[in-house]
Visitor: 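The structure follows.
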Amino acid sequence: MRHLHHALALHEHRNFARAAEALHLSQPALTRSIQMLEENMGCLLFLRARTGVEPTEAGLLMLKRARAIVGQADDLMREGSALRKTKVREVRVAAGPYAAHLVVAPTVARLLAADPRLRFDLRVDHWVKVFRMLKERRVDLAVCEASEIEDDELEVTPMRISRAYVAVRPGHPLAETGGALDFSRVLRWPLAITARLPPRVLTPLLAFQGKSTFVPSVHCEDIGVVRSIVKQSDAVGFFPLPLVRKELEWGELKLLEVEATWLHTQFAILRLKDRLTAKPVQSFIEEILNTDEMLAQTEEELSARFLPARRDEMARATPHINGTSITK
């Protein structure tokens, strides 16, 4: 098991010195460990290349099996702790950028406030890598875009579908246009996006552009960077409303009226069916769903405040007597 852990670390870092540092080993000790593994398997597993240490064909096969073995051994230890009713307090979560900011961060904050002894290992990346981390058993659960994921080994808990809105800086030429915009007009401007787009969003985008490939002007997994670029340029961004609440309230961003029912989040909580769910993990899942429900009201309030069509709709729905509005 120790040799397999070392091999996985070497593959991750592609460098003996960095892998040894991460493992808290000396470089000669790591080299000897890999050599012993190669001797036991009877074949060469890694080669030194210009790009770093690369696995051989046999090494790739070994790494695939090693991930499963190490992951299952880790599961066994954690599940044994749960069966002994000792308190397993760490939750390992992988999430896409939107999901991480929208639901994971507030959920973790709330759980830590209730129990400071909890520990969280949070990893944020686009949905393809998040799904891979879950399958390789590096995390307990994943929260990500799930519209393209079909796997019989997964337990999928769907979350609420939430609309994403088109936002630009105040003074942007599109912001000066009254009424609803055709999406083809939006795509004439630079587009800054936060995550790898799933096919259900990519397909209509390509149709509007009349192209076979889609290359945004800015692609960055850091939401803060994307928001900053949109605020300071003519770039257009897609955001769930809670992620730009401060910018809307401070007048740094403005929402556009765009008809795009396909532009929405479709998150789910993903778990491997063959893993025992420890109590902290189950509590985390329940709290994620609670956070998701609370966000529904927040989004409703923000759309009513900052989307022109919703403001007009709310105004028409509010009774008036002698010029004075009556609020229930």
Side-chain angles (χ1 to χ4, degrees), residues 4-15 18-19 21-24 63-64 66-75 77-78 88-112 117-149 151 153-157 159 193-198 219-227 240 243 265-278 280-289 291-292:
L4 294 181
H5 273 290
H6 294 172
L8 289 170
L10 180 58
H11 181 56
E12 179 181 356
H13 294 280
R14 304 297 176 101
N15 179 281
R18 290 196 296 268
E21 182 180 359
L23 291 166
H24 305 291
L63 289 166
K64 181 179 179 181
R67 289 192 192 97
I69 292 168
V70 170
Q72 289 169 1
D74 185 47
D75 287 346
M77 297 302 294
R78 290 166 64 85
V88 178
R89 296 187 174 277
E90 183 182 44
V91 181
R92 301 173 300 175
V93 185
Y98 282 160
H101 283 264
L102 276 172
V103 292
V104 174
T107 299
V108 168
R110 195 162 60 249
L111 287 171
L112 281 176
R117 296 170 297 174
L118 286 170
R119 297 192 306 273
F120 294 92
D121 180 0
L122 305 179
R123 308 181 188 195
V124 181
D125 217 317
H126 61 71
W127 62 275
V128 176
K129 288 188 177 180
V130 165
F131 177 63
R132 188 181 306 146
M133 281 186 266
L134 179 67
K135 290 288 288 183
E136 292 174 355
R137 297 175 178 264
R138 287 186 276 163
V139 294
D140 299 311
L141 71 151
V143 187
C144 64
E145 167 68 39
S147 59
E148 301 302 317
I149 294 177
D151 194 312
E153 296 179 355
L154 294 181
E155 178 183 310
V156 180
T157 304
M159 297 169 64
I193 64 172
T194 311
R196 181 180 294 188
L197 299 176
H219 177 213
C220 176
E221 300 298 344
D222 189 313
I223 288 175
V225 172
V226 173
R227 278 191 304 232
L243 294 185
T265 64
Q266 197 162 325
F267 299 145
I269 302 168
L270 308 179
R271 288 267 300 144
L272 291 174
K273 290 180 179 178
D274 65 353
R275 299 185 72 169
L276 182 68
T277 304
V281 175
Q282 184 59 47
S283 297
F284 186 83
I285 293 172
E286 293 169 1
E287 286 301 320
I288 282 281
L289 295 174
T291 301
D292 194 41

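What you see is a predicted model; the values in this text were computed from it and never measured.
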Visitor: Under the rule for salt bridge (Lys or Arg N to Asp or Glu O under 4.0 Å), what residues qualify as partners of Arg110, not counting sequence neighbours?
Guide: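 For Arg110 the salt bridge (Lys or Arg N to Asp or Glu O under 4.0 Å) partners, ignoring immediate neighbours, are Glu287.
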Visitor: For residues Val139 and Val93, determine if any side-chain heavy atom of one lies less than 4.5 Å from a side-chain heavy atom of the other.
Guide: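 No, their side chains stay 4.5 Å or more apart.
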Visitor: Give me the atom names and distance for the closest heavy-atom approach of Val156 to Ala268.
Guide: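 Closest approach of Val156 to Ala268, heavy atoms only: CG1-CB, 3.8 Å.
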Visitor: Answer yes or no: is there a side-chain heavy-atom contact under 4.5 Å between Leu289 and Ile269?
Guide: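 Heavy-atom side-chain distance check passes, below 4.5 Å.
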Visitor: What I want to check is whether the side chains of Glu145 and Ser147 have a donor and an acceptor closer together than 3.5 Å.
Guide: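 Judged by distance alone, the side chains do pair up.
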Visitor: One pair to check against side chain to side chain contact (heavy atoms under 4.5 Å, CB included): Arg271 and Ile285. What are the steps and the verdict?
Guide: CA-CA 10 Å; Arg271 288 267 300 144; Ile285 293 172; 4.1 Å; yes
Visitor: Atom CG in Leu270, atom CG in Asp140: separation rounded to 0.5 Å?
Guide: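 Taking CG in Leu270 and CG in Asp140, the distance rounds to 13.0 Å.
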Visitor: Supply the atom-to-atom distance His13 NE2 to Leu8 CG, rounded to the nearest 0.5 angstrom.
Guide: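 One gets 10.5 Å once the value is rounded to the nearest 0.5 Å.
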Visitor: What is the minimum heavy-atom distance between Gly96 and Cys144, and which atoms define it?
Guide: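 Shortest heavy-atom separation between Gly96 and Cys144 comes out as N-CB, 4.2 Å.
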Visitor: For Leu4 and Ala66, work out which heavy atoms get closest and say how close.
Guide: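 Of all heavy-atom pairs spanning Leu4 and Ala66, the closest is CD2-CB, 3.9 Å.
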Visitor: Just do the side chain to side chain contact (heavy atoms under 4.5 Å, CB included) check on Phe267 and Leu102 with the steps written out, would you?
Guide: CA-CA 11 Å; Phe267 299 145; Leu102 276 172; 3.8 Å; yes
Visitor: Tell me, which pairs form a ring pair (Phe, Tyr, Trp, His ring centres under 6.0 Å) where one or both residues lie in residues 119-139, sequence neighbours left out?
Guide: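 Those involving residues 119-139 are Phe120-Phe284.
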Visitor: Considering all heavy atoms of both residues, which atom of Ala19 and which atom of Ala9 are nearest to each other, and what is their separation?
Guide: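 Shortest heavy-atom contact: CB-O, 3.8 Å.
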Visitor: Do Val104 and Ile288 have side chains that get closer than 4.5 Å, going by heavy atoms?
Guide: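 When only atoms from C-beta onward are counted, Ile288 and Val104 do touch, with a gap below 4.5 Å.
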Visitor: Using atom types as modelled and distance alone, determine if a side-chain donor or acceptor of Arg227 lies under 3.5 Å from a backbone N or O of Leu243.
Guide: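 Pair found, side chain donor or acceptor close to backbone of Leu243.
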Visitor: Closest approach of Val226 and Cys220, non-hydrogen atoms and distance?
Guide: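 Minimum heavy-atom separation between Val226 and Cys220: CG2-O, 3.8 Å.
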Visitor: Just verifying a value: how many Å separate Arg92 CZ and Leu141 CG, rounded to the nearest 0.5 Å?
Guide: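 The CZ atom of Arg92 sits 10.0 Å away from the CG atom of Leu141.
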Visitor: Check this for me, if you would: do Asp151 and Lys135 make a salt bridge, where the nitrogen-to-carboxylate-oxygen distance has to be below 4.0 angstrom?
Guide: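 The answer is yes: the pair qualifies as a salt bridge.
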Visitor: So do the side chains of Lys273 and Glu155 get within less than 4.5 Å of each other, counting heavy atoms only?
Guide: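 Answer yes - side chains close enough.
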Visitor: Please determine whether a side-chain nitrogen of the Lys or Arg among Arg119 and Asp121 lies less than 4.0 Å from a carboxylate oxygen of the Asp or Glu.
Guide: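 Salt bridge: no.
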Visitor: Looking at every non-hydrogen atom in both residues, tell me the closest pair between Ile223 and Pro97 and how far apart they are.
Guide: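 Where Ile223 meets Pro97 most closely, the heavy atoms are CD1-O, 3.3 Å.
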Visitor: To the nearest 0.5 Å, what is the distance between CG on Asp125 and CE on Met133?
Guide: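 If we round to the nearest 0.5 Å, Asp125:CG and Met133:CE are 5.0 Å apart.
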Visitor: Is the shortest side-chain heavy-atom distance between Glu221 and Val124 below 4.5 Å?
Guide: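 A side-chain contact under 4.5 Å is absent here.
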